[in-house]
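What follows is one structure encoded as structure tokens, with my remarks underneath.
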There are 2 protein chains.
Amino acid sequence: MNNIKKGHICDAINQSDEPDIEVLYDLSELFKVFGDSTRIRILTALTAGEMCVLHLAEHLEMGQSAVSHQLRILRTAGLVRPRREGKTVYYSLDDDHVKEILEAGLEHILHKGGRF
Amino acid sequence: MNNIKKGHICDAINQSDEPDIEVLYDLSELFKVFGDSTRIRILTALTAGEMCVLHLAEHLEMGQSAVSHQLRILRTAGLVRPRREGKTVYYSLDDDHVKEILEAGLEHILHKGGRF
DNA sequence: CCAACATATGAATATATGTTCATATATCGA
DNA sequence: TCGATATATGAACATATATTCATATGTTGG
């Protein structure tokens with residue numbers, strides 16, 4: 001499983017000033033939530049303001065159930081927040097970090113993809 | 001499949017100043033690459049400087065093959081860049097966007113996770 | 001309370017994905 | 001050229017995940 005030998009050439013970088021492994025795991029879990037086009041479209045739609053489930057489903061041209069499932073994942077990850085008003089539940093971005101992450105990724109896309 | 005009715009209450013946000021759907025798909029694909037703990041650990045390790053494959057494998061305590069497979073994904077996504085020197089291939093972060101994305105996510109984790 | 005509407009959720013299914021194993025390619029030294 | 005080392009890759013397998021369908025929960029108006 002681990003065909004590795006010690007005493008190799010590049011013995012440079014080993015300052016453990018990097019985030020510990022558990023945080024890195026959480027970080028990958030966070031990005032995993034961003035790593036689905038349906039959820040990205042939901043988050044992007046919500047950057048304009050809160051929206052209810054049916055309107056999200058309509059906007060994404062997807063079933064209500066699918067959207068609801070994805071909203072649960074976003075909610076659990078602390079990325080969106082529900083606000084109930086009668087029968088309707090309005091969702092909004094939970095904090096500004098979400099926008100920042102989206103924008104950081106978008107910047108990379110726009111610079112790498114050759115789209116300009 | 002699409003049990004949605006028109007003429008709903010929340011008829012607010014519909015300015016299409018949001019990135020078009022293809023870009024959002026690319027964006028989700030980008031985050032998908034960040035959404036794996038092995039790849040996150042590789043990227044984080046590389047923020048300190050370039051490193052060869054065997055050392056990465058050693059650092060992650062994983063097999064060389066697994067790391068190589070993940071490096072290919074990172075390379076294809078334009079996140080890391082290889083530099084050959086004899087038999088060894090050194091990998092480094094391709095551009096500064098990578099760090100920015102990592103930091104944006106990390107900020108969210110550290111503020112949400114209650115770790116302070 | 002009951003019907004209608006809005007949302008949430010469990011089970012099932014199909015697809016995507018990460019790791020392992022075996023092997024291929026590439027580079028260097030003798 | 002041959003053996004050793006470093007990396008890359010294809011196939012297989014096990015696991016994770018997104019969507020659908022059916023149904024449950026919650027809310028309002030009559």
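Only heavy atoms go into these numbers, but all of them, side chains included; no hydrogens, no water, no symmetry mates. Note on naming: letters A, B, ... go to the chains in the order of the sequence lines (proteins, then strands), and numbering restarts at 1 for each one.
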Q. Going through the distances and angles, do Glu85(A) and Tyr90(A) end up as a side-chain contact (heavy atoms from CB on, under 4.5 Å)?
A. CA-CA 7 Å; Glu85(A) 192 176 314; Tyr90(A) 295 90; 3.8 Å; yes
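- Judged purely by distance below 3.5 Å, without hydrogens or angles, the side chains of Arg41(A) and Tyr25(B) never pair a donor atom with an acceptor atom.
- A donor-acceptor contact shorter than 3.5 Å is absent between the side chain of Arg75(B) and the backbone of Ala77(B).
- Between Asp36(B) atom CG and dA16(C) atom P the separation is 17 Å, expressed in whole Å.
- In this structure, the CG atom of Leu54(B) is 17 Å from the P atom of dA4(D), given to the nearest Å.
- Rounded to a whole Å, the CD1 atom of Ile42(B) is 13 Å from the P atom of dT7(D).
- Residue order along DNA chain D, read from the 5' end via each residue's closest nucleotide, puts Val89(B) first among Ser37(A) and Val89(B).
- Per the geometry, CD belonging to Glu61(B) stands 17 Å off C1' belonging to dT20(C), to the nearest Å.
- Contacts between residues 68-80 of chain B and DNA chain C, counted as heavy-atom distances below 4.0 Å, involve His69(B), Gln70(B), Ile73(B).
- Although no hydrogens or angles enter the test, the distance criterion places a donor-acceptor pair under 3.5 Å between the side chain of Thr44(B) and the main chain of Ile40(B).
- Going from atom CG of Leu60(A) over to atom C1' of dT20(D) covers 16 Å, rounded to whole Å.
- Proximity of Ile101(A) to Leu30(A): side-chain heavy atoms (C-beta onward) are separated by under 4.5 Å at one or more points.
- OP1 or OP2 of dA8(C) sits under 4.0 Å from a side-chain N or O of Tyr91(A).
- The distance between atom NE2 of His55(A) and atom P of dT7(C), rounded to the nearest whole Å, is 10 Å.
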Quick test: give all pairs of protein nitrogen or oxygen and nucleotides 22-30 of chain D nitrogen or oxygen below 3.5 Å, distance rounded to 0.1 Å.
none

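- Within the 3.5 Å criterion, the main-chain N or O of Glu107(B) finds a donor-acceptor partner in the side chain of His111(B).
- The distance between atom OH of Tyr90(B) and atom C1' of dT27(C), rounded to the nearest whole Å, is 13 Å.
- In this structure, the side chains of Asp36(A) and Lys32(B) stay at 4.5 Å or more apart for every pair of heavy atoms.
- Distances from the side chain of Val53(A) to the nucleotides dA8(C), dA6(D), dA8(D) place dA8(C) closest.
- Between the side chains of Tyr91(A) and Arg83(A), not a single donor N or O lies within less than 3.5 Å of an accepting N or O.
- With hydrogens and angles ignored, the 3.5 Å screen pairs a side-chain donor or acceptor of Thr76(B) with a backbone N or O of Arg72(B).
- The side chain of Thr88(B) sits closest to dT7(D) out of dA18(D), dT7(D), dA6(C).
- Straight-line distance from the CZ atom of Phe31(A) to the P atom of dT17(D): 17 Å, rounded to whole Å.
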